Amino acid sequence: MIGLYRLFVVFNILAAFVAALIFPLGEERILLVVTAHLSLAALLIFPAFTHQKISLIDPLNLFLIYVVIGGVAPAYFISGETTSRIQYLMNGRPVDDFIYIGIWYCISLFLIGVGYSSLKRGYSIEKFLPADNTLSPKGINMAMIIALIASMLAAIEFISSTGGVGETIASVSSKRTVEVVSQGEVVMSAAGYLRMVGDFAVIMMLVALAYFIEKRGRLGLSIKVMLTLLFLTGCIIPFVASSRSSIIFILFGVGVVFHAHKKLTRVRMIVALIALLVLFSAMTALRSFSQGGGEGRIPNPFVALAESGNGYSLIGTTHILLGVPEEMDYKLGASYFTWIFSPIPRSLWPTKPDVSLGKEVKEEIMGQQVIRSGRPPSFISEGWINFGPVGLIINAVVFGMAMRLVANSLLPIISRYAFAPALYYSLALNIPALANSALSQGIVRILTDMALILLVYFIVQWRLLLGSGSSKVSRSY
């Protein structure tokens with residue numbers, strides 16, 4: 001990967017240079033493309049020339065995807081012929097605003113690369129992980145059955161409480177929330193606890209897959225069937241809720257296990273990539289049709305990603321840096337602690353703080369109506385929301401260090417412990433995902449996964465203890 005990183009740095013510097021040559025010919029917008037390519041080079045220049053090895057599943061590679069989706073691709077759209085979707089995201093701001101904030105965007109990526117490269121050691125997390133010889137196949141099998149039943153029931157309840165499957169094919173996969181009436185007020189709830197139980201199948205699948213690959217090398221038919229059922233069950237809620245990223249994350253988790261045990265072949269990678277693109281396009285078409293914005297046709301997945309407004313968004317960063325404190329007051333650190341209130345159901349506290357900040361950003365800064373989630377900031381731009389430029393600089397460095405801490409702590413042991421891939425799945429996804437979400441939102445996701453990992457462990461150990469107890473009883477007679 002280091003060779004590719006160095007090549008990527010050189011390529012982006014050359015691309016920026018070529019784009020800059022076009023600038024004197026009369027089109028100022030090309031400066032945005034120059035900034036986007038320099039931003040990629042700024043992110044990778046320290047990791048590329050100060051590290052000897054970076055894994056394929058390193059969090060930095062995931063963050064790089066966020067930058068391409070949220071920064072480079074939109075820069076080309078804004079600089080060229082902007083689509084109606086990009087114009088909606090730009091919200092009437094002139095291109096000059098995005099060029100100016102593009103400099104801050106580039107600085108933040110450079111600081112992330114510096115933070116990533118500055119951390120040389122990891123944390124000895126293996127002392128908290130159970131050794132595989134303390135686990136048993138019977139315990140894993142029992143936990144798989146419990147997880148499958150619980151997640152299936154959660155999926156059924158989620159579909160029922162969010163309006164059912166609907167009468168049209170488009171309504172099968174669409175943004176879903178639960179309407180909650182509390183204190184005479186109707187509020188939208190994300191049904192977080194149902195989603196959490198739905199994820200039980202995913203965590204269980206990753207633990208079981210890692211355990212049986214390590215112990216047996218090859219998976220038997222019954223294990224393959226059970227793992228497939230867990231995978232499909234774990235995908236139900238993300239699919240019907242049109243959560244495209246969640247399904248991508250689940251497939252990434254499977255890839256982590258195969259990569260850890262050197263079973264991630266090129267054929268499997270290509271098949272997974274094609275499946276992802278087809279599924280992403282189909283879900284995008286269904287969402288667009290259900291919202292009355294399309295005809296249900298399969299869109300170009302690359303265009304859909306560029307127009308999604310997701311990733312480490314240059315557009316979103318521009319709105320926030322120019323809108324705080326003019327349109328929205330500084331939070332002074334308050335947004336970092338809203339995760340504390342997350343366990344309280346919205347039915348009991350309709351006006352509880354929004355952990356994502358998305359509604360405030362969309363309403364106060366962009367002046368747009370919020371139906372569901374709004375436009376969440378990144379953890380980096382959340383630093384600006386709290387403490388201005390100083391907050392952005394600190395958050396960028398801390399963000400880079402956090403990604404490297406996860407890689408240094410877990411990658412060396414990921415093939416030796418059945419629970420390590422599930423733990424890495426949570427941290428290696430949710431920390432880079434802070435490029436597209438606030439800190440409290442990320443903390444809630446990580447704590448949810450940790451609770452499920454602990455639940456799997458207790459079920460497996462309970463079955464093991466139960467088996468030991470029955471053996472003692474039988475020997476006493």
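Fair warning: this is a prediction, and the values are worked out from it, not measured in the lab.
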| request: Just do the side-chain contact (heavy atoms from CB on, under 4.5 Å) check on Ile413 and Arg416 with the steps written out, would you? | output: CA-CA 5 Å; Ile413 64 168; Arg416 304 205 307 265; 3.2 Å; yes
| With distance as the sole test, does Ser160 use its side chain to make a donor-acceptor pair with the main-chain N or O of Ile156 at under 3.5 Å? | no
Taking only distance into account, with no hydrogens and no angle test, what donor-acceptor pairs under 3.5 Å do side-chain atoms of residues 143-152 form with protein atoms, sequence neighbours excluded?
| unit_1 | atom_1 | unit_2 | atom_2 | d |
| --- | --- | --- | --- | --- |
| Ser151 | OG | Ala147 | O | 3.0 |
| Ser151 | OG | Val197 | O | 2.9 |
| Ser151 | OG | Gly198 | O | 3.4 |
| Ser151 | OG | Ala201 | N | 2.9 |

| query | If we only count heavy atoms from C-beta on, is the Ile315 to Pro74 side-chain gap below 4.5 Å? | reply | yes
| request: Specify the closest pair of heavy atoms between Pro47 and Ser117, including all atoms of both residues, with the distance to one decimal. | output: N-OG, 3.2 Å
| field | Contacts of Phe8 that satisfy side chain to side chain contact (heavy atoms under 4.5 Å, CB included) - sequence neighbours left out | value | Asn12, Leu40, Leu44, Leu64
| Does a side-chain heavy-atom distance below 4.5 Å link Asn386 with Tyr330? | no
| task | For Thr134 and Ala131, indicate whether the former's side chain and the latter's backbone hold a donor-acceptor pair under 3.5 Å. | result | yes
| Min side-chain heavy-atom separation Tyr424-Pro59 under 4.5 Å | yes
| task | Kindly check if the number of other-residue, nucleotide or ligand heavy atoms within 6.0 Å of CZ (Phe11) is above 12? | result | no
| Closest contact, heavy atoms only, Leu357 versus Pro377 | CB-CD, 3.7 Å
| said: Run the side chain to side chain contact (heavy atoms under 4.5 Å, CB included) test against Val225 and tell me which residues pass, sequence neighbours left out. | reply: Leu221, Leu229
| query | Is there side-chain contact between Val202 and Tyr425, with heavy atoms separated by less than 4.5 Å? | reply | yes
| said: Let me confirm one number: the CD1-CD1 distance from Ile2 to Ile54, rounded to the nearest 0.5 Å. | reply: 4.0 Å
| note | Here the gap from His261 atom NE2 to Ile414 atom CD1, rounded to the nearest 0.5 Å, amounts to 8.0 Å
| said: Looking at every non-hydrogen atom in both residues, tell me the closest pair between Gly139 and Val460 and how far apart they are. | reply: O-CG2, 3.8 Å
| Does Lys120 NZ have over 12 foreign heavy atoms under 6.0 Å away? | yes
| said: Is any side-chain heavy atom of Leu135 closer than 4.5 Å to one of Gln461? | reply: yes
| With sequence neighbours excluded, residues passing salt bridge (charged side-chain N to carboxylate O under 4.0 Å, His left out) with Glu360 | Lys331
| query | From Met205 CE over to Cys235 SG, what is the distance, rounded to the nearest 0.5 angstrom? | reply | 7.5 Å
| message | According to ring-ring contact (aromatic ring centres under 6.0 Å, His included), who are the partners of Phe399, at least two apart in sequence or on a separate chain? | response | Phe63
| request: Scan residues 374-386 for pairs that pass salt bridge (charged side-chain N to carboxylate O under 4.0 Å, His left out), counting only residues two or more places apart or in two chains. | output: none
Name each donor-acceptor pair under 3.5 Å that joins a side chain in residues 439-454 to protein atoms two or more places apart or in another chain, with its distance.
| unit_1 | atom_1 | unit_2 | atom_2 | d |
| --- | --- | --- | --- | --- |
| Ser440 | OG | Ser335 | O | 2.8 |
| Ser440 | OG | Thr338 | N | 3.3 |
| Ser440 | OG | Thr338 | OG1 | 3.0 |
| Ser440 | OG | Trp339 | N | 3.2 |
| Thr448 | OG1 | Val444 | O | 2.8 |
| Asp449 | OD2 | Ser426 | OG | 2.9 |
| Asp449 | OD2 | Asn430 | ND2 | 3.2 |

| If you take all heavy atoms of Ala438 and Leu434, which pair is closest and at what distance? | O-CD2, 3.4 Å
| field | Asn436: side-chain hydrogen bond (donor to acceptor under 3.5 Å, both in side chains) partners, not counting sequence neighbours | value | none
| Is a side-chain donor or acceptor of Trp104 paired with a backbone partner of Leu321 at a separation under 3.5 angstrom? | no
| task | State which residues pass ring-ring contact (aromatic ring centres under 6.0 Å, His included) with Tyr123; sequence neighbours excluded, sorted by chain then number. | result | none
Kindly list each side-chain donor-acceptor pair under 3.5 angstrom involving residues 106-116, sequence neighbours excluded, with atom names and distances?
| unit_1 | atom_1 | unit_2 | atom_2 | d |
| --- | --- | --- | --- | --- |
| Ser108 | OG | Tyr105 | O | 2.7 |
| Ser108 | OG | Tyr312 | OH | 2.7 |
| Tyr116 | OH | Asp58 | OD1 | 3.1 |
| Tyr116 | OH | Asp58 | OD2 | 3.0 |
| Tyr116 | OH | Arg404 | NH1 | 2.7 |

| query | Do Asn395 and Tyr336 have side-chain heavy atoms sitting under 4.5 Å apart? | reply | yes
| task | Look at the side chain of Ser161 and the backbone N and O of Glu157, then say whether any donor-acceptor pair between them is shorter than 3.5 Å. | result | yes
| message | Can you confirm whether Phe212 is buried at CZ, in the sense that more than 12 heavy atoms of other residues, nucleotides or ligands lie under 6.0 Å from that atom? | response | yes
| Residues which pass side-chain hydrogen bond (donor to acceptor under 3.5 Å, both in side chains) with Tyr5, listed by chain and number, not counting sequence neighbours | Asn61
| query | Which value, rounded to the nearest 0.5 Å, describes the distance between Ile250 atom CD1 and Leu206 atom CG? | reply | 8.5 Å
| message | Could you work out, with side-chain hydrogen bond (donor to acceptor under 3.5 Å, both in side chains) as the rule, every residue matching Tyr66, not counting sequence neighbours? | response | none
| query | To the nearest 0.5 Å, how far apart are CG in Leu455 and CD1 in Ile203? | reply | 10.5 Å
| Can you find a pair of side-chain heavy atoms, one from Ile431 and one from Leu405, that are under 4.5 Å apart? | no
| query | Got a second to check how far Leu209's CG is from Phe231's CZ, nearest 0.5 Å? | reply | 11.5 Å
| Closest non-hydrogen atom pair, Ser409 against Ile125 | O-CG2, 3.8 Å
| request: Evaluate whether atom NZ of Lys215 has more than 12 neighbouring non-hydrogen atoms of other residues, nucleotides or ligands under 6.0 angstrom away. | output: yes
| Tyr417 vs Pro130 side-chain heavy atoms within contact, under 4.5 Å | no
| query | Quick check: does any side chain N or O of Lys359 sit under 3.5 Å from a backbone N or O of Ser356, one acting as donor and the other as acceptor? | reply | no
| request: Provide the closest heavy-atom pair for Leu314 versus Gly71 in the form atom of the first, atom of the second, distance. | output: CB-CA, 4.1 Å
